[in-house]
Structure formats: C-alpha cells, structure tokens
Amino acid sequence: MTEKSGLPPHLQRSTKKRTVDARQDVLNVLGELEHELASGELLNRYRRIGHDAMEEELKHANISVRAGRGPNFLNGKSHKGGTKIEVEEFTADLLKQLKLASPESQSEEQQIADLKDQLKALEGRIHRIWDHAHVWAIQLREARAEIRALKKAMKPKVV
C-alpha cells in the first residue's frame, strides 16, 4: 500500500489508466470540434442557431457528454484544475473565432480589442506552461539527486 492514496499499486495503475483514457476522450471531442471548424460545419451551425445557443452547446458539460462521460465529469478532482480549464479556454477561443468569422462581425476597433484579448489569453497560457516546465525541471533535478545519493550509498566502500 502507498502512503498517498492507500490503494495497492495495481489499482492505482488502473485508476490512472481510466483517468488518462477519459481525458483522451475529451481531447478527441476537441479535435472533432477543430475539424468541424476547419470544414465550415461549425460556422454554418453557428450562423443557423446563433451565438447564445452555440455558447450553450460548447459548455464543458456538453463536451463531457459528447465524450461519453457525465455532464459533471470535468468537475471531478482529477480534471477540475487542468482539463476543465483547458476545455473552457478552447471553447472560448472557438466562440471568438466563430464570432469573428461570422458576417455580422464587429467594427475594426472591436476586432483589434478582441485580438488583444486573445493575445493576453495566450500569454497567460504560455506563462502557465513555463511554470509547469519549471516545476518539472525542479522535480527532475531532485529525482536525479536522489538517484545519485542512492547509487553512492550502494557502492561498496574500499578501505
């Protein structure tokens, strides 16, 4: 048994695999949405049903259901801090793209303001990625130091 979860290792691997598979299902739906956007199908639906209905359709609960999960799936402990935020950022970006591509798009000043907002959002995402990379580098350095210490402890002492 482990200290962290209290589960045996084989159950931990099973739960981890289920989590990874479920996240992949959600990411596959996001890929399908990108494909629909590229093919023009999503834009046609946006024009047909309107902004509010499309916004409702692109909520994280509906994305989860489309991925074969429950509507509150992304509110779970494993996904709330990462996958849910990623899905919400993706759908917000998708709605902005649809709004800009629609014929009744805004004035040039509004488009510039939207692009500035997108730039700020991308900068925020980049900073979060840098933070993750920094944490991973620190963890890697610590793991390597621990490996060196263990190897040193395992070497026979020559007298």
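The basis for the numbers below is simple: all heavy atoms, side chains too, and nothing from hydrogens, waters or symmetry mates. Throughout, numbering of the chain's residues begins at 1 and tracks the sequence. On a predicted model such as this, the values are computed, not experimentally measured, just so you know.
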Exercise. Can you hop from Leu74 to Val65 via hydrophobic side chains spaced under 4.5 Å?
Worked result: no
Exercise. At what distance, to the nearest 0.5 angstrom, does OG1 of Thr83 lie from CG of Asp25?
Worked result: 11.5 Å
For this session: Evaluate whether atom CZ of Arg128 has more than 12 neighbouring non-hydrogen atoms of other residues, nucleotides or ligands under 6.0 angstrom away.
Result: yes
Exercise. Distance from Glu57 atom CD to Glu55 atom CD, nearest 0.5 Å?
Worked result: 12.0 Å
Exercise. Given the rule in the side-chain hydrogen bond (donor to acceptor under 3.5 Å, both in side chains) test, do Glu32 and Asn28 qualify, once you have shown the distances and angles that lead to the verdict?
Worked result: CA-CA 6 Å; Glu32 290 171 10; Asn28 288 343; over 6 Å; no
Exercise. Any idea which heavy atoms bring Gln118 and Asp93 closest together, and the distance?
Worked result: NE2-OD1, 4.1 Å
Problem set entry | Minimal non-hydrogen separation, Leu37 against Gln97, with atom names | CD2-OE1, 2.8 Å
Problem set entry | Same cluster (ILVMFWY, side-chain, under 4.5 Å), Leu42 and Leu27 | yes
Exercise. Any chance CD of Glu123 has more than 12 other-residue heavy atoms, nucleotides or ligands included, within less than 6.0 Å?
Worked result: yes
Exercise. With side chains defined as the heavy atoms from C-beta onward, is the minimum distance between Gln24 and Asp21 less than 4.5 Å?
Worked result: no
Exercise. Quick check: are there more than 12 heavy atoms from other residues, nucleotides or ligands sitting under 6.0 Å from NZ of Lys96?
Worked result: yes
For this session: Mind listing the closest non-hydrogen atom pair of Thr91 and Leu58 along with its distance?
Result: CG2-O, 3.1 Å
Problem set entry | Distance-minimising heavy-atom pair for Ser64 and Gly70 | CB-O, 3.2 Å
For this session: Consider only side-chain heavy atoms of I, L, V, M, F, W and Y, link residues closer than 4.5 Å, and tell whether Leu94 and Leu122 are in one cluster.
Result: no
For this session: Using the side chain to side chain contact (heavy atoms under 4.5 Å, CB included) rule, take Ile138 and Glu142 through it: C-alpha gap first, then chi angles, then the decisive distance, then the call.
Result: CA-CA 6 Å; Ile138 290 171; Glu142 290 172 352; 3.6 Å; yes
Seminar exercise, completed: Scanning both residues in full, the closest heavy-atom pair of Phe73 with Val26 reads CE2-CG2, 3.8 Å
For this session: Look up atom NE2 in His132 and atom CD in Gln139, then write down how far apart they are to the nearest 0.5 Å.
Result: 11.0 Å
For this session: Evaluate the side chain to side chain contact (heavy atoms under 4.5 Å, CB included) criterion for residues Phe90 and Ile63: first the C-alpha distance (whole Å), next the side-chain angles of each, then the deciding distance (0.1 Å), finally the verdict.
Result: CA-CA 11 Å; Phe90 177 84; Ile63 300 285; over 6 Å; no
Exercise. When rounded to the nearest 0.5 angstrom, what distance separates CG in Leu33 from CD in Glu41?
Worked result: 9.5 Å
Exercise. Can the ring centroids of His134 and Trp130 be said to lie less than 6.0 angstrom from one another?
Worked result: no
